[in-house]
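See below for the structure under consideration.
No experiment lies behind these values; they were computed from the predicted model shown.
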Amino acid sequence: MPSMWPDNHTPADGPGYLLAPLERTVEEIADVLESVLRGKSTLSTAQDTVSWQVGDVLLHWTRTVYGTSAEAEVRHHVDRCLPPGPVTDALSSAWGLETHLHGNRFDWQRAVSPVPPAGSPGEFRASVRAFMARDQLWARQGNVRNPHKAAADGVWRDLRQVLSYAVDHGGLTAASQRHFLQRYVRHHNRLANGAAPEIMARMAALIDCGLLDVGARSFLLSALRPNADHYVMRDTQVWLDRFWPRTTAR
């Protein structure tokens with residue numbers, strides 16, 4: 001569920017206003033689960049206060065964040081009226097997910113700008129590499145089980161026909177059409193049409209071995225020959241040698 005619109009613009013009648021009831025509901029669900037996890041409420045006491053199945057949701061969250069073994073341990077504790085918090089407190093997520101109940105929420109700003117600004121090329125390089133590693137873990141969990149990938153594949157990808165209907169068939173003014181193409185197509189492509197995990201793993205390997213420098217927003221792929229030919233595409237500069245076939249005579 002989105003918590004921020006891409007341009008941070010949330011007028012009174014905009015998406016922030018529309019999503020406020022959903023945000024409050026999710027917060028309330030997390031609060032109830034937290035009370036059971038910490039032993040402040042028993043499962044039966046918590047169930048008396050809500051209409052949804054507290055035990056099922058708690059087990060689903062545990063399975064998503066920690067896996068099936070942790071789910072079984074939490075079920076064991078809950079069945080014996082024991083607080084399950086000590087089980088999850090000792091664990092980390094194998095898929096790089098946040099381990100608190102209010103975490104793993106879809107956030108527009110984080111989705112469209114996953115790498116924060118940095119004070120130096122080294123910091124930016126480390127942030128890019130950390131994001132790529134986290135993204136690989138998310139992909140490894142799967143595009144249905146992982147909440148972030150599910151938001152991209154299960155929501156954005158399925159919206160392609162809706163967007164096509166609205167944009168391609170005269171549903172926008174000329175100015176809105178230009179704004180959509182200049183801004184939101186990039187977001188859509190990043191969320192729904194990204195590169196395969198295998199390709200990104202190769203990119204990460206190039207970074208780790210020093211051939212790909214992502215220390216600035218213009219990435220440099222070096223063939224260890226400073227005077228080699230180069231090819232410019234968008235904002236990415238690639239030094240050529242064996243990485244790109246020559247197509248023009250010298």
Quiz item: Do V57 and V50 belong to the same hydrophobic cluster, where Ile, Leu, Val, Met, Phe, Trp and Tyr are linked whenever their side-chain heavy atoms lie under 4.5 Å apart, directly or via other members?
Solution: yes

Practice problem: Kindly write out the residues that satisfy side chain to side chain donor-acceptor pair (under 3.5 Å) with E27, not counting sequence neighbours, or none if the list is empty. | Solution: H102, R105

Exercise. Using modelled atom types only, decide if a donor and an acceptor are shared between the side chain of S113 and the backbone of R110 within a distance under 3.5 Å.
Key: no

Quiz prompt | Check: E98 main-chain N/O paired with N104 side-chain donor or acceptor under 3.5 Å | solution = yes

Quiz prompt | Given T68, T62, V78, V87, the one that forms side chain to side chain contact (heavy atoms under 4.5 Å, CB included) with E73 | solution = V87

Quiz item: Side-chain contact, heavy-atom cut-off 4.5 Å: W138 with L97?
Solution: yes

Quiz item: Is the backbone of L43 close enough, under 3.5 Å, to the side chain of Q47 for a donor and an acceptor to pair up by distance?
Solution: no

Quiz item: So does R63 have more than 12 non-hydrogen atoms from other groups sitting under 6.0 Å from CZ?
Solution: yes

Quiz item: Excluding sequence neighbours, so at least two apart, what forms side chain to side chain donor-acceptor pair (under 3.5 Å) with D48?
Solution: none

Quiz item: Among all residues two or more places apart in sequence or in another chain, which pass the side chain to side chain donor-acceptor pair (under 3.5 Å) test with H100?
Solution: none

Quiz item: Atom CD of Q177 and atom CD of Q182: how far apart are they, to the nearest 0.5 Å?
Solution: 10.5 Å

Self-check item: ILVMFWY cluster, L137 and M200 together (side-chain gap under 4.5 Å)
Solution: no

Quiz prompt | For F124 against V214, the heavy-atom pair lying closest together | solution = CD2-O, 3.2 Å

Self-check item: Residues R24 and E28 bridged, charged N to O under 4.0 Å
Solution: no

Quiz prompt | Pairs meeting criterion side chain to side chain donor-acceptor pair (under 3.5 Å) with involvement of residues 85-95, two or more places apart | solution = R38-D89

Exercise. Give, for atom CD of Q141 and atom NZ of K149, the distance between the pair rounded to the nearest 0.5 Å.
Key: 11.0 Å

Quiz prompt | Inter-residue atom distance N146.CG - T64.OG1, 0.5 Å rounding | solution = 9.0 Å

Self-check item: Heavy-atom side-chain contact between V36 and T42 under 4.5 Å
Solution: no

Quiz item: Among the clusters formed by ILVMFWY side chains lying less than 4.5 Å apart, do L172 and L181 turn up in the same one?
Solution: yes

Quiz item: Could you give the distance from CD (E198) to CE (M203), rounded to the nearest 0.5 Å?
Solution: 14.5 Å

Quiz item: Going by the ring-ring contact (aromatic ring centres under 6.0 Å, His included) test, which pairs reach into residues 25-66, not counting sequence neighbours?
Solution: W61-Y66

Quiz item: In Å and rounded to the nearest 0.5 Å, what is the CZ to CZ distance from R80 to R75?
Solution: 11.5 Å

Quiz item: So, for L91 and A70, which heavy atoms are closest and what is the spacing to 0.1 Å?
Solution: CD1-CB, 3.6 Å

Quiz item: If two hydrophobic side chains count as joined below 4.5 Å and joins carry through other members, does L206 share a cluster with F131?
Solution: yes

Quiz item: Taking only residues two or more places apart in sequence, or in another chain, which ones meet S69 in a side chain to side chain donor-acceptor pair (under 3.5 Å)?
Solution: none

Quiz item: Which value, rounded to the nearest 0.5 Å, describes the distance between L58 atom CG and H77 atom NE2?
Solution: 12.0 Å

Quiz item: Just by distance, do the side chain of T45 and the backbone of S41 share a donor-acceptor pair under 3.5 Å?
Solution: no

Quiz item: Which pair of heavy atoms, one from L101 and one from L33, lies closest together, and at what distance?
Solution: CD1-C, 3.6 Å

Self-check item: Side-chain heavy-atom pair I199, R202 within 4.5 angstrom cut-off
Solution: yes

Quiz prompt | Contact summary for T49 and A46, nearest pair of heavy atoms | solution = OG1-O, 2.6 Å

Self-check item: Heavy-atom side-chain proximity of R140 to P197 below 4.5 angstrom
Solution: no

